[in-house]
Novice: 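One structure, as structure tokens, below. Some questions next.
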Amino acid sequence: MSLDAYRFLVLLDDHVTDAAIRQALPAGAQVYVTSLRDATSRGRGLLEESAPDIVLVGCAAHSTAALHVLSQIGLERPDTPIIVLYEGNPNGFMDPAFKAGAEDLIVLPQPVDQLRFQLQKAIARRRGPAGGEPAPMITVLGPKGGTGKTLTSCNLAVAFARAGRRAVIVDIDLQFGDVGLALGLRPEKTIFDLATAGGTLDAEKVDSYILQHESGTRALLAPTRPDQAAAIKTSFLRQLFELLRTSYDFVIVDTPPAFSPEVITAIDMASDLCMVGMLDALSLKDTKIGFETLQQMGYPPAETTLVLNRADSDVGITMDDVRRLLGKTPEVLVPSDRSIPRATTSGTTITEADPRSGAARAFADLAEIYLGTEVGVPMGIAPGLPSRRRRVLLRRGN
């Protein structure tokens with residue numbers, strides 16, 4: 001969700017300086033700064049000259065000029081989002097601003113990093129279901145425990161972060177989730193705390209419960225006790241996933257080894273499915289059952305990415321055996337590496353600890369599959385669409 005690709009028109013009244021705003025925008029962005037007075041007098045000519053993708057209107061009082069400019073831009077360029085940057089208490093101005101055409105309002109002053117994040121969120125909401133495609137949501141599955149679902153989820157998220165994307169992991173292994181342990185994050189806030197906080201669920205509230213890893217990856221951690229799992233309902237998860245897909249570039253869902261109601265919800269709302277198995281007889285048997293279950297739900301193996309961990313193990317099973325048993329070839333083969341458990345013990349990933357290792361390169365390949373297809377529409381299966389790279393726009397069953 002980089003801001004580099006946008007052209008910004010920044011309109012300021014006399015009481016707001018552009019220093020913090022310029023710092024919050026990336027150095028490579030095209031930024032045109034002028035006054036509200038100039039915008040009032042030049043109108044359409046200014047809009048044609050600057051050709052903005054985003055308009056930022058900065059004011060520090062109940063500004064009639066600002067409201068006039070909001071209305072004017074709304075009429076001239078109705079598809080151009082307008083974000084108001086208001087210095088001080090916006091009570092009394094917020095409602096008129098939204099009625100005049102503002103899509104969002106951010107209160108100033110804020111630290112530069114926080115202002116940048118607020119702008120990213122505001123733009124992401126424009127990109128969401130009401131104004132564009134939702135971000136990809138990858139649900140990571142594995143019917144057998146211990147195959148490396150959490151390992152895959154965490155390394156995938158870190159690989160996205162290294163590629164400059166904002167990714168968030170949601171751990172819905174609600175009784176024994178390990179994303180926090182794998183990333184070395186203390187469970188100061190969890191999905192249980194969010195679910196029981198009361199009030200309405202919005203993007204800003206969700207963000208306050210998400211923890212940040214040093215890699216840039218974000219994570220919403222599983223409850224700290226198994227008895228807290230009952231508080232997380234499928235209706236809550238649906239709303240949560242929809243919100244996250246408007247605020248991040250990628251949403252990754254780490255699941256327990258079961259087809260529980262929570263997992264089925266994560267499958268139905270996913271844009272992509274990733275099945276994780278290992279090269280041993282027990283895991284392959286359960287992986288086969290997992291694919292058969294997905295097939296019954298309307299998701300054939302061709303629509304699911306298969307990751308095989310410890311793929312170089314000498315257990316008497318060949319890749320031909322895997323293809324015959326599962327009916328497909330694994331897209332990603334992750335070799336064994338003793339550095340993986342050492343990295344996990346220290347709260348990091350092999351992608352960070354040894355990015356040149358075979359395992360890290362395999363997870364980078366997995367990330368590349370999704371980076372090359374950043375579509376993010378809900379899953380849907382239709383005849384003649386043999387690849388997950390092409391989607392129908394409607395949810396399965398709609």
Side-chain angles (χ1 to χ4, degrees), residues 1-6 26 53-54 81 83 103-104 116-141 152-172 179 191 194 201-213 215-220 236-255 265-274 303-305 363 366-380 388-396:
M1 192 191 309
S2 171
L3 300 181
D4 294 82
Y6 291 94
D53 298 305
I54 307 288
I83 301 171
E103 292 206 2
D104 218 315
R116 182 181 298 117
F117 183 53
Q118 292 292 338
L119 287 171
Q120 287 175 325
K121 287 199 302 179
I123 294 169
R125 281 192 285 272
R126 174 73 180 187
R127 263 189 8 176
E133 299 294 357
M137 175 172 145
I138 304 162
T139 297
V140 181
L141 304 166
T152 300
S153 297
C154 292
N155 277 279
L156 178 59
V158 171
F160 285 145
R162 291 173 64 87
R165 302 298 197 277
R166 295 183 70 247
V168 61
I169 306 175
V170 182
D171 191 346
I172 65 166
V179 167
I191 193 172
L194 175 60
L201 201 64
D202 57 42
E204 188 168 352
K205 180 178 180 180
V206 171
D207 282 337
S208 69
Y209 288 85
I210 289 175
L211 304 181
Q212 183 167 341
H213 186 249
S215 67
T217 296
R218 274 81 167 176
L220 183 57
F236 163 81
L237 288 176
R238 285 185 177 275
Q239 189 177 2
L240 172 66
F241 294 147
E242 288 175 354
L243 283 170
L244 290 174
R245 294 183 72 182
T246 67
S247 302
Y248 288 86
D249 293 329
F250 288 94
V251 178
I252 302 164
V253 183
D254 190 32
T255 65
T265 297
I267 292 171
D268 281 341
M269 297 197 67
S271 63
D272 296 88
L273 302 178
C274 177
E303 289 290 327
T304 301
T305 301
F363 290 123
L366 177 62
E368 192 62 34
I369 290 174
Y370 301 115
L371 287 168
T373 56
E374 271 177 274
V375 179
V377 299
M379 284 284 292
R388 66 184 176 283
R389 298 178 186 276
R390 301 174 62 196
R391 308 268 184 229
V392 296
L393 296 179
L394 299 177
R395 293 186 190 278
R396 178 177 57 87

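Throughout, residue positions are numbered sequentially from 1 according to the sequence presented.
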Novice: Cation-pi between R165 and F160: NZ/CZ under 6.0 Å from ring centre and within 45° of the ring axis?
Specialist: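 Cation-pi check for R165 and F160: fails.
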Novice: Does any non-hydrogen side-chain atom of L220 lie less than 4.5 Å from one of I169?
Specialist: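 Not in contact.
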Novice: Tell me, please, which residues at least two apart from A159 pass side-chain contact (heavy atoms from CB on, under 4.5 Å).
Specialist: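 side-chain contact (heavy atoms from CB on, under 4.5 Å) check on A159 returns A367.
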Novice: Evaluate side chain to side chain contact (heavy atoms under 4.5 Å, CB included) for I210 paired with L244, printing each intermediate quantity in order.
Specialist: CA-CA 11 Å; I210 289 175; L244 290 174; 3.8 Å; yes
Novice: Kindly indicate whether the side chain of F236, heavy atoms from C-beta on, has any atom under 4.5 Å from the side chain of T265.
Specialist: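 Side chain of F236 against side chain of T265, heavy atoms only: no contact under 4.5 Å found.
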Novice: For L156, run the side chain to side chain contact (heavy atoms under 4.5 Å, CB included) check against F250, F363, Y370 and tell me which one passes.
Specialist: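 Among the candidates, only Y370 passes.
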Novice: Does a side-chain heavy-atom distance below 4.5 Å link V251 with I138?
Specialist: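 Side-chain contact under 4.5 Å: no.
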Novice: Tell me, please, which residues at least two apart from L211 pass side-chain contact (heavy atoms from CB on, under 4.5 Å).
Specialist: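 Residues passing side-chain contact (heavy atoms from CB on, under 4.5 Å) with L211: L185, L221.
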Novice: Compare all side-chain heavy atoms of K205 with those of D202 and state whether any distance is below 4.5 angstrom.
Specialist: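 Yes, at least one pair of side-chain atoms sits under 4.5 Å.
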Novice: Measure across L240 and V170 and return the closest heavy-atom pair with its distance rounded to 0.1 Å.
Specialist: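 Nearest pair, atom of L240 first, then V170: CD2-CG1, 4.2 Å.
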Novice: For Q239, which residues count as a side-chain contact (heavy atoms from CB on, under 4.5 Å) partner, sequence neighbours excluded?
Specialist: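 With sequence neighbours excluded, Q239 shows a side-chain contact (heavy atoms from CB on, under 4.5 Å) to L201, L243, given in chain and number order.
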Novice: Starting from the C-alpha separation in whole Å, work towards a yes-or-no answer on side chain to side chain contact (heavy atoms under 4.5 Å, CB included) for Y248 and D207.
Specialist: CA-CA 11 Å; Y248 288 86; D207 282 337; 3.2 Å; yes
Novice: Run D268 and R238 through side chain to side chain contact (heavy atoms under 4.5 Å, CB included) and show every step you take.
Specialist: CA-CA 10 Å; D268 281 341; R238 285 185 177 275; 4.1 Å; yes
Novice: Could you give the distance from SG (C154) to CD1 (I252), rounded to the nearest 0.5 Å?
Specialist: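 Here the rounded value is 8.5 Å.
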Novice: Is the closest side-chain heavy-atom distance between D272 and T305 below 4.5 Å?
Specialist: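 Sidechains of T305 and D272: no contact.
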Novice: Nearest 0.5 Å, please: how far is CG in L366 from CG in N155?
Specialist: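 Between N155 CG and L366 CG, I get 9.5 Å after rounding to 0.5 Å.
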Novice: Which heavy atom of Q212 sits nearest to which heavy atom of G216, and what is that distance?
Specialist: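 Closest pair (atom of Q212, atom of G216, distance): NE2-CA, 4.1 Å.
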Novice: Please report the closest heavy-atom contact between D249 and A135, naming both atoms and the distance.
Specialist: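 Scanning both residues completely, I find the closest heavy atoms to be O-CB, 3.4 Å.
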Novice: With side chain to side chain contact (heavy atoms under 4.5 Å, CB included) as the criterion, how do S271 and R245 come out once you've worked through the C-alpha distance, each side chain's angles and the decisive distance to 0.1 Å?
Specialist: CA-CA 10 Å; S271 63; R245 294 183 72 182; 3.7 Å; yes
Novice: Could you report the tightest heavy-atom contact between A203 and S247, atom names first, then the distance?
Specialist: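 For A203 versus S247, the nearest heavy atoms are CB-OG, 3.8 Å.
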Novice: Considering only heavy atoms from C-beta outward, does the side chain of I369 approach that of L371 to under 4.5 Å?
Specialist: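 SC-SC contact between I369 and L371 ruled out.
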Novice: Between D53 and P81, which heavy-atom pair has the shortest distance, and what is it?
Specialist: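 Looking at all heavy atoms of both residues, the closest pair is O-CD, 3.3 Å.
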Novice: Side-chain contact, heavy-atom cut-off 4.5 Å: L141 with C274?
Specialist: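 When only atoms from C-beta onward are counted, C274 and L141 do not touch, as no gap falls below 4.5 Å.
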Novice: Given T255, which of I267, I172, D171 fulfils the side chain to side chain contact (heavy atoms under 4.5 Å, CB included) condition?
Specialist: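 The single option meeting the side chain to side chain contact (heavy atoms under 4.5 Å, CB included) with T255 is I172.
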Novice: Over all heavy atoms of both residues, which pair between M137 and A266 is shortest? Give the atoms and the distance, please.
Specialist: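 Shortest heavy-atom contact: CE-O, 3.5 Å.
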